Amino acid sequence: MVTYQYNRESRLLTPDHFKVVFSKPIRFHSQHFTVLIRHNNLDHPRLGFAIAKKRVKHAVQRNRIKRLVRESFRLNQHNLPTVDLVIMAKSGIDQLDNQAIKQQIEKIWRKIIQRQKN
RNA sequence: UGAGUUGACUAGACAAUCGCUGCUUUAUCGUUGUAUUUAUUCUUGUUAAUAAAUAGACAGAUAAAGGGGAGGAAAGUCCGGGCUUCACAGAGCAGAGUGCCAGAUAACGUCUGGGCGGCGCAAGCCGACGACAAGUGCAGCAGAGAGAAGACCGCCGAUGACUACUUUUUAAGUAGUACAGGUAAGGGUGAAAGGGUGCGGUAAGAGCGCACCGGAUGGCUGGUAACAGUUCAUUGCAGGGUAAACUCCACUCGAAGCAAGACCAAAUAGGGUUCCAUCACUCUUUGAAGUGAAUACGUGGCUCGCGUAGGAACCGGGUAGGUUGCUUGAGCCUUAAAGCGAUUUAAGGCCUAGACGAAUGAUUGUCGCUUCUUUUUUAGAAGACACAGAACCCGGCUUAUCGGUCAACUCAUUAA
RNA sequence: GCUCUCGUGGUGAAAUGGAUAUCACGUGGACCUCCGGAGUCUAAGUUGCAGGUUCAAUUCCUGCCGAGAGCG
């Protein structure tokens, strides 16, 4: 079933959720992202962010990254396995434009899907 | 037309698709338990219990529709206030802050008007702008001297001393020495050297005296005041700088913050009360008795060690979590009145974000803007389209900022 | 949300408002040596930035910028 919804069910809400992901993650890297994933027992994937103020200085930039990644997650979530994801940003990401960020995050989705099949 | 000053406003526009989050309405589900009706039960009640239906209410869930959804600085957290909790008889000390005068305000370190000083041709802008004559400190180097000072060069050497000469020889005069000494004009040092100019005066000089200018003190006049003026009087005149040095004077300040605070409250652990159970001991009472858990049981051949010591009900605190505080407010817009103005008052209208691992977005198209290329009027390409993202709420200040619009004023040039 | 501290050669630290800003380590250059080490000499500071007070500011005051810490 294809859904484009993104509500509170699709997010990591409490520190406990994050701790679980950070404890035994599988890592995926690109030039400006680190993604930690871990299987959950639900029937849908969940998304969380950990973007440090040290890496991305301005609040406008942090919000932009979160919105872009969230939008991409929203449109691709039906293809993803049932995992919890934590997106971490690396410094320098605020220099990129919207298209570049979109391409990078979509590349990561493909890697996750590929790994799941194997 | 050009150059500038001040104030106010604006912060790309429209459409489509897919989302996020409050609000309103409707529908469905759910929850609680209120009212009514009906049925059943029996202790037969105007009253109880149970069940169902209908109506109403509502923490909530889902769906649909409608409508709303970042800023002028939301930022820095530099001030002030509301709100909340705690503390508190009153007063003082300490500490911190402010500092020309008057006003505005809920309050302010903010704003308005005025004074004084500085900058600018001007419109205008800037200023921590109380007191050093209450006391204490500080001023390197240079310089003679750095605080009620001082003699290095210079000037003088009247007076005193010494030498020489002359004379009327216990004395006087003249010349010299630069010894005592005088001097604050000139030079020089320094950021700063104890009013300025001129004339008189003098051995040379000096407010030493005088004239003018400037000041100080008192009075008078104007002003609410800061302060200004003064053809008034007195005073030769000043002991300068520094308080963003200690300090003094005047005024202000209780402390902490929405993670404040209020309510609901799981699991686990733990507290209290009652009842039941286990074991040991006690008894004029042999009991659902009293006291205790130091004991008992298990593991084990024994010691050490390890494990177990219960069950039920109720009460209170309270963690995770949830709800609330949470957006109607010193609110915004328009008009009128008062005031030079900040602002205030009155009338009418409006409701304009409330998220919480944290929404307010993405993509596409058309137009606009900027830059670049080609070229001379188009075409093409690029663009997080300036700075920047609410977190209890307001009033300011400060800092960042591509452009655009409007109004008032100033200066220059040209024309009439 | 509240509070505090720091910023000085490449690094780590000194300096009462007063001379050309000092010390250690490191780096570059020169000397010494056959070469290297050691040694000797020497160079490199916008005292974070912008204003102000003062005769004079690393020091005092104000505003920014950056780094770090603490409390809840």
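Protein chains get the first letters and strands the later ones, always in sequence-line order, with residue 1 at the start of each. Nothing here was measured: the structure is a model prediction, and the numbers come from that model.
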* Asked: Hey, which of these two, A/Leu68 or A/Phe49, hits RNA chain B nearer its 5' end, going by closest nucleotide?
  -> A/Phe49
* Structure fact -> When A/Ala50 and A/Arg64 are each assigned the nearest nucleotide of RNA chain B, the 5'-most assignment goes to A/Ala50
* What distance separates A/His32 NE2 from A/Ile108 CD1, expressed to the nearest 0.5 Å? -> 11.5 Å
* Based on the glycosidic angle (syn within 90° of 0, else anti), state the conformation of C/G26. => anti
* To do: Could you state the atom-to-atom distance from CZ of A/Arg46 to P of B/G357 in whole Å?
  => 13 Å
* Are OP1 or OP2 of B/A359 and a side-chain N or O of A/Arg67 less than 4.0 angstrom apart? -> no
* **Closest listed nucleotide, where the reference is the side chain of A/Lys102 and the choices are B/U363, B/A388, B/A390** => B/U363
* To do: Return the nearest nucleotide to the side chain of A/Glu71; candidates are B/C18, B/A384, B/G389.
  => B/C18
* Both distances under 3.5 Å, Watson-Crick or G-U wobble: report the partner of B/C279, or none. => B/G292
* **Student check: side-chain heavy atoms of A/Ile37 and A/Ile112 closer than 4.5 Å** => yes
* Whole-Å distance separating the NE2 atom of A/His58 from the C1' atom of B/U399 -> 14 Å
* Length of the line joining A/Arg11:CZ and B/G19:P, which is rounded to integer Å -> 16 Å
* Residue pair A/Phe73 / A/Leu80, side-chain heavy-atom distance below 4.5 Å -> yes
* Rounded C1' spacing from B/A358 to B/U36 in Å -> 49 Å
* Asked: Using atom P of each nucleotide, how far apart are B/G30 and B/A55 to the nearest Å?
  -> 15 Å
* Separation of B/A75 P from A/Gln61 CD (nearest whole Å) -> 17 Å
* Using the P atom on both, measure B/A75 against B/C258 and round to a whole Å. => 15 Å
* Asked: What's the closest nucleotide to the A/Leu75 side chain, out of B/A359, B/C18, B/A388?
  -> B/C18
* Starting at CZ of A/Arg70 and ending at P of B/U21, how long is that distance when rounded to a whole Å? -> 10 Å
* Mind telling me whether B/A70 is syn or anti, cutoff 90° either side of 0? -> syn
* To do: For B/U273, measure the glycosidic angle (O4'-C1'-N9-C4 for a purine, O4'-C1'-N1-C2 for a pyrimidine) and name it syn if it falls within 90° of 0, otherwise anti.
  => anti
* To do: Report the base-pairing partner of B/G12 (Watson-Crick or G-U wobble, both distances below 3.5 angstrom), or none.
  => B/C367
* Syn or anti for B/U352, please, going by whether the chi angle lies within 90° of 0. => syn
* Please check if atom NZ in A/Lys107 has more than 12 non-hydrogen atoms from other residues, nucleotides or ligands closer than 6.0 Å. => no
* For A/Ile51 and B/G389, give me the distance from atom CD1 to atom C1', rounded to whole Å. => 14 Å
* Starting at CZ of A/Arg74 and ending at P of B/G361, how long is that distance when rounded to a whole Å? -> 14 Å
* To do: Sticking with atom C1', work out how far B/A192 lies from B/A139, rounded to a whole angstrom.
  => 10 Å
* Asked: Using atom C1' of each nucleotide, how far apart are B/C14 and B/C326 to the nearest Å?
  -> 35 Å
* To do: Considering only atom P, compute the distance from B/A238 to B/A148 and round it to an integer number of Å.
  => 15 Å
* Asked: Are any non-hydrogen side-chain atoms of A/Glu106 and A/Ser72 less than 4.5 angstrom apart?
  -> yes
* Asked: For the pair made of CZ in A/Phe73 and P in B/G19, what is the distance, rounded to whole Å?
  -> 15 Å
* Asked: How far does CZ of A/Arg38 sit from CG of A/Leu85, to the nearest 0.5 angstrom?
  -> 13.0 Å
* **Reported CD1-to-CG distance for the pair A/Ile101 and A/Leu68, which is rounded to 0.5 angstrom** => 5.5 Å
* Which value, in whole Å, describes the distance between the P atoms of nucleotides B/A266 and C/C65? -> 49 Å
* To do: If the glycosidic angle is within 90 degrees of 0 it's syn, otherwise anti, so just tell me which one B/G396 is.
  => anti
